[in-house]
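Read the structure below first, then the notes.
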Amino acid sequence: MRRFVRHVTTVSSCVALAVLSVPVPAGATPAGTRAGVFPSLVPDLVAYYDFEHPVRGNPALERDLGHSGTDMPLVNGGAGMRVRERGGHVIQTRQIDPTVAGNDDWKAGMFSAGGLPSLRAFNAAREATVMGWFTVTGPLPALNSTTPAPDDRYNAIGLAGVLTGDSDGHAVRALLEVIDVAGELRVVALGRRVDGASSQTFAASMDWQSVLPRGRWVHLAATFDFDTGEMALYRNGRPLDGFYTVPGDPWVVEGPPEPDVTTASDPAGIKIGGSFPQNTNERNPCDCRMDGLMFLDRAASPREVWLQYLVSRR
C-alpha cells in the first residue's frame, strides 16, 4: 500500500502537458464498444446512462448501457425529465416546491434496502470512478424544504454517486457533489470505504461556480482508490488542484491486511441530482441537466479521463 497524500495536490506542468497532448486514436469507438465511451473504459463500465435509451414501454426508465443492466428510474418527473440538448437528450433534475417537505423533486436513481445484486462490482471494490456531463440551470444550493426558515438553504448540491450497502438513500460509497467545506461550497469527491464508518472528501481548490458555471456544460470526474486512500477530481479532462478535508486515516487503510477494499456489501443503489432515490425524503436537490453518467469499478487514469472527455463532447 502506498501512503496517501493529505496536502494540496498540484499537477506539474510537465505531467499535465503529457496527459493533455494525447490525441484521440482513430476509431475511438469501434464495433463492440459503447458509443461515446473511450474503449479502455468499457470492460469496467458497471453502469452507463446516455439518456437516449428509454426502456421500451416505460419512458420513465432509462436503460443501462453498462454491464450491470441496472436500469434507472426517472423519479417524479418521468419522461418529462428528458430534454433535447447537446445534440441529443439529457435529463433535467430540479427542486419542485421549496415551501413544503414533500417528495416531488425531480431526480433519478434506484434503491434497495437489501442491496442491488446488479451493482455487485462495487462490493469489496478496490477502486471506483464517477463521471459525466453537468450544467447548472438554476440558483443553487436550493432552499431547504425540511426546515421552517423561509431563506434556509441546503449545505450541498447532489450530482451523482453510488450508495453504501447500508445506505438509507443518502450515505454513499463514491460521490460527486458540491458541499460546504469549512464555510465554503466546493466541488468534491466524497468516498466511504467501510459502511457506517467515516468518509473522506477531496475538495477542489477552485471556487465551485468557476468549476460549474451556470448555463455551461462541464465534464466532471472523480476517482477513488480505496487501497491507497487517494482520490482525484477532473474538470473537462484536466486534473483539479485540491485538498483532503479529513486529517489522519479516516478510511483505515494503513497497515494490514492488504489490499484495502470497500465493505463486502452490494450498494443500495445509485442517486442522481439529490438524495433518497426511493422518494421517501428530499435532500440537496440539483437544478441541473446531466448527460453521459458513468460508474466504473476502477479508478480511471488521467489519460483515460482526458480521452473520455474528448470522445464524449457533442
Within the structure provided, determine whether [X] and [Y] are in side-chain contact (heavy-atom separation under 4.5 Å).
X      : Y      : value
Val90  : Met290 : no
Leu233 : Leu220 : no
Ile157 : Ile179 : no
Thr146 : Tyr154 : yes
Arg192 : Arg173 : no
Asp50  : Leu65  : yes
Val172 : Ser167 : no
Ile96  : Trp106 : yes

Taking [X] for the side chain and [Y] for the main chain, is one N or O donor matched with an acceptor at less than 3.5 Å?
X      : Y      : answer
Arg283 : Phe276 : no
Arg314 : Arg86  : yes
Arg82  : Pro59  : yes
Thr263 : Asp195 : yes
Thr137 : Asp287 : yes
Arg193 : Val261 : yes
Asp64  : Thr70  : yes
Thr129 : Ala300 : yes
Asp249 : Val253 : yes
Arg63  : Pro54  : no

Minimum-distance pair of heavy atoms, taken over all atoms of [X] and [Y]:
X      : Y      : answer
Ala113 : Phe111 : N-CE2, 3.6 Å
Thr223 : Ala299 : CB-CB, 4.0 Å
Ser199 : Pro250 : O-CB, 3.9 Å
Ala108 : Leu74  : CB-CD2, 4.1 Å
Gly215 : Thr135 : C-OG1, 3.4 Å
Leu140 : Pro285 : CD2-O, 3.8 Å

Please report the interatomic distance [atom1]([X]) to [atom2]([Y]), rounded to the nearest 0.5 Å.
X      : Y      : atom1 : atom2 : value
Cys286 : Arg94  : SG    : CZ    : 12.5 Å
Asp297 : Ser68  : CG    : OG    : 10.0 Å
Glu85  : Ile91  : CD    : CD1   : 12.5 Å
Leu185 : Asn155 : CG    : CG    : 8.0 Å
Leu159 : Leu190 : CG    : CG    : 12.0 Å
Thr262 : Phe122 : OG1   : CZ    : 9.5 Å

If hydrophobic clusters are built by linking Ile, Leu, Val, Met, Phe, Trp and Tyr wherever their side-chain heavy atoms come under 4.5 Å apart, do [X] and [Y] end up in the same one?
X      : Y      : value
Phe224 : Tyr234 : no
Leu293 : Val305 : no
Tyr48  : Leu61  : no

message: Check Glu177 with Lys271, please: is the shortest side-chain N to carboxylate O separation under 4.0 Å?
response: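 No.
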
query: Do Arg126 and Asp227 meet the salt-bridge criterion of a basic N to acidic O distance under 4.0 Å?
result: yes

task: Verify the ring-centre separation between Phe134 and Trp217: is it less than 6.0 angstrom?
output: no

Between [X] and [Y], does any side-chain donor sit less than 3.5 Å from a side-chain acceptor?
X      : Y      : answer
Trp133 : Ser312 : yes
Asp241 : Ser205 : no
Asn76  : Asp105 : no
Asn279 : Asn103 : no

task: With Arg186 as the cation and Trp208 as the aromatic partner, state whether NZ or CZ is under 6.0 Å from the six-membered ring centre and within 45° of the axis.
output: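 No - Arg186 does not lie over the ring of Trp208 by the 6.0 Å and 45° rule.
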
Distance under 6.0 Å and angle within 45° of ring axis: Arg313 vs Tyr309: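 Yes; both conditions hold, so Arg313 lies above the ring face of Tyr309.
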
message: Does Met294 form a side-chain contact (heavy atoms from CB on, under 4.5 Å) with Val130? I'd like the steps, not just the answer.
response: CA-CA 6 Å; Met294 305 173 69; Val130 178; over 6 Å; no

